[in-house]
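Throughout, a chain's letter reflects where its sequence line sits, starting with A, and its residues are numbered from 1.
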Amino acid sequence: MERNLMKGNEALAEAAIRAGCKCFFGYPITPQTEISAYLAKRFKQAGGVFLQAESEIAAINMVLGAASTGVRAMTSSSSPGISLKSEGISYIAGSDLPCVIINVQRGGPGLGGIQPSQADYWQATKALGHGDFHLIVFAPNSVQEMVDTVTKAFDLADEYRMPAMILADGLLGQMMEPVTFPEVTAKEIEKPWAANGHGNKREHNIINSLFLQPDVLEKSVKDRFERYAEIKEKHSDAELYMTEDAEVVVTAYGATARVAKAAVNMAREQGIKAGLIRPITLWPFPVKQINEGAKNAHTIICAEMSMGQMVDDIKLAVNCSKPVEFFGRTGGVIPKPSEILDEIKKYAKGGNQ
Amino acid sequence: MAVVFERPKSFADIPLHYCPGCTHGIIHRLVCEVIDEMGIEGDTIGVCPVGCSVMAYDYFTCDMIEAAHGRAPAVATGVKRTNPDKFVFTYQGDGDLAAIGTAETVHAATRGENIVVIFVNNTTYGMTGGQMAPTTLPGQVTQTTPFGRDPKLMGYPVRVCEMLATLTGTALAQRVAVDTVPHIREAKKAIRKAFENQRDKKGFSIVEVLSTCPTNWGLSPVDALKRLNDEMIPYYPLGVYKDGNAFPEKEGE
Amino acid sequence: MAKITVNFEKCKGCALCTTACPKKIVELQKEKRNRKGYFTAVCIDDSQCIGCAMCAMMCPDCAIVVEK
């Protein structure tokens, strides 16, 4: 297979087309704009719809419209833009529609900065809009993994009729890496619910998130949560690196996991039994894998580009059975391997105190 | 004897939830009559956002999508762009189209989005109990303008057709009313024209329908029609504000 | 020869049809309320009905069928 050197954002865009994405609606914002720019050109040849919307709000609602008709639809943005999309994401979830949303995170809150960040963890995993719902959230850590995740995101979104998010960051979006595009095995999933014109052959389909009867609404939410339970069972994912004998385990996802892996390698060279647990899905959260990876550790260090948004999830995953320490940089500052190594050493030396 | 008037086929045969005398039902019927006459029910997708007509998805027998408040033109854009051979219409109220959804409306129009927008203007937010709308007339008493709308404090009403007629992407901008049978006949012709424009790929077509809200106006249905005629039409004159083709170079393609 | 049939349960007694009838033969009856509690519209003199359908066109609930 051909290897290409590509920027993360452009690789994501190309992967979407190969995954059968037929339309993209977006709005410019740093550091994800290359996705729009790439698709504006590429859809012309590949056959698909690119449209620059008047706002993030319009863009996500265009996705809602296209997804309602059963076509694979995608939008992308960066942190402040995702906040604007949250209304539409809630409607998409409430209407049981599949789509893929990419968040190339930057620092926040507010306008924040334009450098890489992971400060939208809470937003992505817990609060992407009003109401009881989840998105499937993927946290790839390389340009290649972003490419591989796109098809999976579309497939799972279609299968479970729900939005999926690829939670990247400015580092992954902007960096260039060699990448190969695998033969696409995107699933063809029947969508008998689609509102694409009934052709006088069936009853009319209604795409809707309004249920004025509380018991009917409750049932629709509970049905959705049954699907969520199945996803939790089948699709949580994490990479375990040198965890078998690790006394100190670092948990980190996305770009931070690359830095953490370097720190773990440095620690191993110095004879410290360190390991890495890298959640690949943030929702569903890889609880089993974390317990497996941390089984011999006395300390867990949660490293993030935020003020520790994942810490509580790690504590819950291990049921507070061991200390979960936090190390993070935020505001667009990328942690150095040496900084994480210092943290590992701190706890490796002192043991469980 | 033969039936000369009955419910159109694409208008589901179920009771409407609207208040007595609310003219939404007339406007629904006109849209359905046009859909039936053009034989396009199977190729039509309707989008109804938040407002009194939020549950209109039950009334139109074509495929339907319920959109967030104000976002129907964006949702319709997503549908139409990916299904260019289908007919797509939105059915929106004044708060929806001219307040919270102003950006979506203006930009769908300026893109010449090839959709039909049915804009129901009754100068109030009906579903939430009669608050000031962007189209509330100066002096009009509503729940949130208890002393009457004072333009010095609340600004002036938006004349949507006049505004959208300035945009190149707009093919049709026409204001009609449903207070009398002749006006209703005129309204149907306008809606038909809007759907034909979509068939002929002429661009964005909006039909603004002056409508009533007897409940929140505090008037009987008959007096509400009188208010429409006496107070609304002078402020919102009926007529064709734009009638053309946003993409004349496409003609004959 | 023409006649109108008002759907008793769909009619909400709004009286818009009564204003539209050129013969002034559509009225709200005062004897029987429907299940929603409305006094519904009726034609008081079938012999005068011309089947113009103006009452039906004015009806917001599409509750009138016209035959001719």
Side-chain angles (χ1 to χ4, degrees), chain B residues 1-33 36 52-53 59-61 120 122 177-189 209 211-215 219-226 228-229, chain C:
Chain B
M1 286 197 292
V3 172
V4 292
F5 187 100
E6 63 182 338
R7 200 179 186 90
K9 191 179 138 288
S10 58
F11 196 5
D13 193 17
I14 49 174
L16 302 173
H17 73 280
Y18 302 112
C19 302
C22 167
T23 42
H24 260 311
I26 300 177
I27 305 163
H28 282 20
R29 194 195 79 230
L30 297 179
V31 173
C32 290
E33 284 179 357
D36 282 5
C52 283
S53 58
Y59 305 141
F60 295 99
T61 60
V120 180
N122 65 0
V178 286
D179 58 326
T180 63
V181 170
H183 280 164
I184 291 172
R185 289 189 207 277
E186 199 58 37
K188 184 174 162 188
K189 272 189 219 158
V209 188
S211 183
T212 64
C213 185
T215 301
L219 296 174
S220 74
V222 174
D223 288 344
L225 289 189
K226 193 167 169 345
L228 194 168
N229 186 67
Chain C
M1 185 71 181
K3 73 161 188 175
I4 66 164
T5 309
V6 180
N7 185 310
F8 184 67
E9 291 303 339
K10 283 206 183 100
C11 176
K12 291 175 186 156
C14 72
L16 296 191
C17 52
T18 66
T19 66
C21 177
K23 297 286 178 186
K24 305 287 173 213
I25 51 168
V26 184
E27 287 182 7
L28 296 187
Q29 51 87 7
K30 301 207 169 47
E31 286 84 53
K32 200 178 162 206
R33 294 174 190 270
N34 66 11
R35 258 182 292 176
K36 287 204 175 91
Y38 299 118
F39 285 122
T40 60
V42 288
C43 178
I44 53 165
D45 185 358
D46 279 348
S47 68
Q48 282 196 61
C49 180
I50 54 172
C52 66
M54 285 167 82
C55 56
M57 265 185 267
M58 206 64 226
C59 176
D61 289 281
C62 217
I64 303 176
V65 173
V66 184
E67 292 166 276
K68 202 173 173 179

CG/C/Leu16 to CG/B/Leu225 distance, rounded to the nearest 0.5 angstrom? 5.0 Å
Side chain / backbone / both / neither for C/Lys36 at chain B, heavy atoms under 4.5 Å: side chain
Shortest non-hydrogen separation from C/Met58 to B/Ile184 and the atoms involved: SD-CD1, 3.6 Å
Set out, in order, the CA-CA distance, both residues' side-chain angles and the distance that settles side-chain contact (heavy atoms from CB on, under 4.5 Å) for B/Lys188 and C/Met57, then state yes or no. CA-CA 11 Å; B/Lys188 184 174 162 188; C/Met57 265 185 267; over 6 Å; no
Would the number of heavy atoms belonging to other residues, nucleotides or ligands and lying under 6.0 Å from NZ of B/Lys226 be above 12? no
Examine distances only and state if a side-chain atom of C/Lys12 and a backbone atom of B/Leu16 form a donor-acceptor pair shorter than 3.5 Å. yes
Measure distances from B/His183 to the heavy atoms of chain C and classify the residue's part below 4.5 Å as side chain, backbone, both or neither. neither
Given that the side chain runs from C-beta out, which part of C/Lys68 has a heavy atom under 4.5 Å from chain B: side chain, backbone, both or neither? both
Nearest 0.5 Å, what's the CD1-CZ distance between C/Ile64 and B/Arg7? 12.0 Å
Which bit of C/Ala20 is near chain B, if near means a heavy-atom gap under 4.5 Å: side chain, backbone, both or neither? side chain
Yes or no on side-chain contact (heavy atoms from CB on, under 4.5 Å) for C/Val66 and B/Val3, after CA distance, side-chain angles and deciding distance? CA-CA 6 Å; C/Val66 184; B/Val3 172; over 6 Å; no
C/Met1, CE: over 12 other non-hydrogen atoms inside 6.0 angstrom: no
Is C/Cys11 close to chain B through its backbone or its side chain, or both, or neither, when contacts mean heavy atoms under 4.5 Å? neither
Would you name the heavy atoms of B/Arg29 and C/Cys62 that are closest together and state the gap between them? CD-SG, 3.4 Å
Closest approach of B/Cys22 and C/Pro60, non-hydrogen atoms and distance? O-CB, 3.1 Å
Residue among B/Val181, B/Ile27, B/Ile14, B/Thr180 with most heavy-atom pairs under 4.5 Å to chain C: B/Val181
